[in-house]
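Read the structure below first, then the notes.
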Protein chains: 2
Amino acid sequence: MKITAQEEYGLRCLLQVAKADGSITISEICRNEGISSANVAKMMSLLRKGGFVKSNRGQVGGYELARKPSEIAIGEVLAFLGGRLFDPGFCSSHSGIEEECAHNSDCSVRSVWLRVQFAVDQALGRISVEDLLRGTEQELIRLQPSRIPSEGIANR
Amino acid sequence: MKITAQEEYGLRCLLQVAKADGSITISEICRNEGISSANVAKMMSLLRKGGFVKSNRGQVGGYELARKPSEIAIGEVLAFLGGRLFDPGFCSSHSGIEEECAHNSDCSVRSVWLRVQFAVDQALGRISVEDLLRGTEQELIRLQPSRIPSEGIANR
DNA sequence: GAGAATCTTGACGTTTAGGTCAAGATTGGC
DNA sequence: GCCAATCTTGACCTAAACGTCAAGATTCTC
């Protein structure tokens with residue numbers, strides 16, 4: 001399980017747009033994030049196709065959010081940029097050399113993925129772009145619903 | 001975020017070993033799981049290097065668990081097969097075209113990854129191979145996992 | 001209308017994950 | 001000792017993710 005580059009850089013570019021006063025250009029995002037402008041361009045093109053930002057061409061062009069920050073869920077953005085962990089086609093794309101997966105009817109591994117997917121959905125479900133705009137990292141980590149401990153596993 | 005093939009197939013192979021009465025060969029796992037024998041061989045080699053199974057060569061060879069099923073944490077297996085979602089080198093490997101990530105001191109995106117990592121750890125931390133051996137998928141999904149004796153759980 | 005600043009697109013090269021293959025090493029049975 | 005069954009290893013091929021590039025389209029300013 002890995003976080004993809006598209007998720008990381010895409011989310012960072014989106015936050016740059018959210019932070020911007022008015023609109024922001026590719027080269028400004030490039031400077032602020034230290035990502036090559038070609039790569040920023042690719043991310044922005046994706047984010048536009050996902051309906052998260054609007055673009056304007058021309059000399060005073062740039063990008064702005066397509067919706068209010070409070071109405072953009074981080075979970076939705078990540079699902080668009082990197083797909084879901086356990087998506088509907090997962091089992092059929094892991095059938096090995098057979099037509100269908102050997103465990104179609106009952107699968108203990110699938111139960112693991114379902115639990116993980118549920119946990120991730122819970123963790124991301126209520127966070128919006130607005131939430132990430134306010135507050136420092138430390139404040140965000142303490143944000144409801146889940147607590148993130150500095151070390152080990154917390155018991156509630 | 002995607003579940004890697006190595007995680008899926010590796011876990012399935014490990015469960016085959018756990019299910020087996022005594023030891024099991026590559027070709028048996030291949031038949032049971034519908035995975036090519038070359039690929040099973042690769043997975044088993046990995047699992048052996050990870051210390052989860054022991055191998056025996058020769059005419060009556062095969063694989064068996066290296067530890068008791070109750071002492072093998074699924075989270076540990078998955079971390080070995082696919083790495084952690086947010087590992088210690090994550091930020092430095094996503095610094096774009098700069099030496100260091102532009103957000104080293106305070107990063108709202110990092111807070112997202114920490115939350116997700118914590119949620120996954122919570123969901124997996126206490127499930128063992130033994131848990132997956134008993135029970136159907138439906139039962140496992142509802143499972144309140146049994147505790148794994150103090151190993152393989154807490155990572156930073 | 002010309003030129004500058006910007007976004008847009010598709011093609012391309014590189015790196016990593018995924019999977020196969022063949023040759024080798026080890027062990028048990030005869 | 002020889003053969004068969006098994007695991008082991010490194011090389012190799014393919015597919016997907018990642019990143020770059022160049023040419024084009026659009027819009028503003030003058």
Side-chain angles (χ1 to χ4, degrees), chain A residues 1-10 12-13 16-17 20 22-31 33-50 52-64 66 81-83 87 89-90 93-98, chain B residues 1-13 16-17 20 22-31 33-50 52-64 66 80-83 87 89-90 93-98:
Chain A
M1 275 183 293
K2 285 290 180 194
I3 296 162
T4 66
Q6 215 164 257
E7 287 170 317
E8 165 77 8
Y9 292 141
R12 275 162 59 179
C13 289
Q16 282 293 324
V17 178
S23 91
I24 189 171
T25 66
I26 287 174
S27 64
E28 283 171 317
I29 298 174
C30 164
R31 275 195 296 281
E33 289 292 337
I35 307 172
S36 78
S37 62
N39 211 4
V40 172
K42 196 170 205 174
M43 294 301 136
M44 295 315 298
S45 170
L46 251 179
L47 288 169
R48 186 177 53 79
K49 285 170 186 156
F52 302 110
V53 302
K54 293 185 295 190
S55 66
N56 293 295
R57 298 214 253 194
Q59 203 167 26
V60 295
Y63 292 93
E64 55 192 321
L81 291 172
D87 68 53
F90 183 84
S93 65
H94 291 82
S95 63
I97 56 180
E98 305 284 340
Chain B
M1 275 183 293
K2 286 292 182 194
I3 295 161
T4 66
Q6 216 163 257
E7 287 170 318
E8 165 77 7
Y9 293 141
L11 193 48
R12 276 162 59 180
C13 289
Q16 281 293 323
V17 178
S23 91
I24 189 171
T25 67
I26 287 174
S27 65
E28 284 171 317
I29 297 174
C30 164
R31 275 196 296 281
E33 290 291 338
I35 307 171
S36 78
S37 62
N39 211 6
V40 171
K42 196 171 205 172
M43 294 303 137
M44 295 314 299
S45 171
L46 252 179
L47 288 170
R48 184 176 55 80
K49 284 168 187 158
F52 303 111
V53 301
K54 292 185 296 189
S55 67
N56 292 296
R57 297 214 255 194
Q59 202 167 29
V60 294
Y63 293 92
E64 55 192 322
F80 177 77
L81 291 173
D87 69 53
F90 183 84
S93 65
H94 290 83
S95 62
I97 56 180
E98 304 286 339

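Protein chains get the first letters and strands the later ones, always in sequence-line order, with residue 1 at the start of each.
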Q: With DNA chain D as reference, determine whether A:Val60 or A:Ser37 sits nearer its 5' end, using the nearest nucleotide of each.
A: A:Ser37

Q: Hey, which sits more toward the 5' end of DNA chain D by its nearest nucleotide, A:Tyr9 or A:Gln59?
A: A:Tyr9

What's the [atom1]-[atom2] distance between [X] and [N], to the nearest Å?
{"X": "A:Glu7", "N": "D:dA16", "atom1": "CD", "atom2": "P", "value": "18 Å"}
{"X": "A:Ile3", "N": "D:dC18", "atom1": "CD1", "atom2": "P", "value": "12 Å"}
{"X": "A:Ile26", "N": "D:dT26", "atom1": "CD1", "atom2": "P", "value": "16 Å"}
{"X": "A:Leu81", "N": "D:dA17", "atom1": "CG", "atom2": "P", "value": "13 Å"}
{"X": "A:Asn39", "N": "D:dG19", "atom1": "CG", "atom2": "P", "value": "5 Å"}
{"X": "B:Lys42", "N": "D:dG10", "atom1": "NZ", "atom2": "P", "value": "12 Å"}

Q) Are a donor atom and an acceptor atom from the side chains of A:Glu7 and A:Thr4 found within less than 3.5 Å of each other? A) yes

(Q) With a strict under 4.0 Å distance from non-hydrogen atoms of chain B, what nucleotide opens and what nucleotide closes the contacted stretch of DNA chain C, reading 5' to 3'? (A) C:dG18 to C:dG29

**Q.** Test ring-ring contact (aromatic ring centres under 6.0 Å, His included) applied to B:Tyr63 - qualifying residues, sequence neighbours left out
**A.**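 Here no residue qualifies.
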
Q. Closer to the 5' end of DNA chain C via nearest nucleotide, is it B:Met43 or A:Ser45?
A.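 Upstream on the strand: A:Ser45.
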
Test side-chain hydrogen bond (donor to acceptor under 3.5 Å, both in side chains) applied to [X] - qualifying residues, sequence neighbours left out:
{"X": "A:Lys42", "result": "none"}
{"X": "B:Glu64", "result": "B:Asn56"}
{"X": "A:Ser37", "result": "none"}
{"X": "A:Gln6", "result": "none"}

Q) For B:Ser27, which contact category applies under a 4.0 Å heavy-atom criterion: base, sugar-phosphate, or nothing? A)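 Nothing, no heavy atom under 4.0 Å.
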
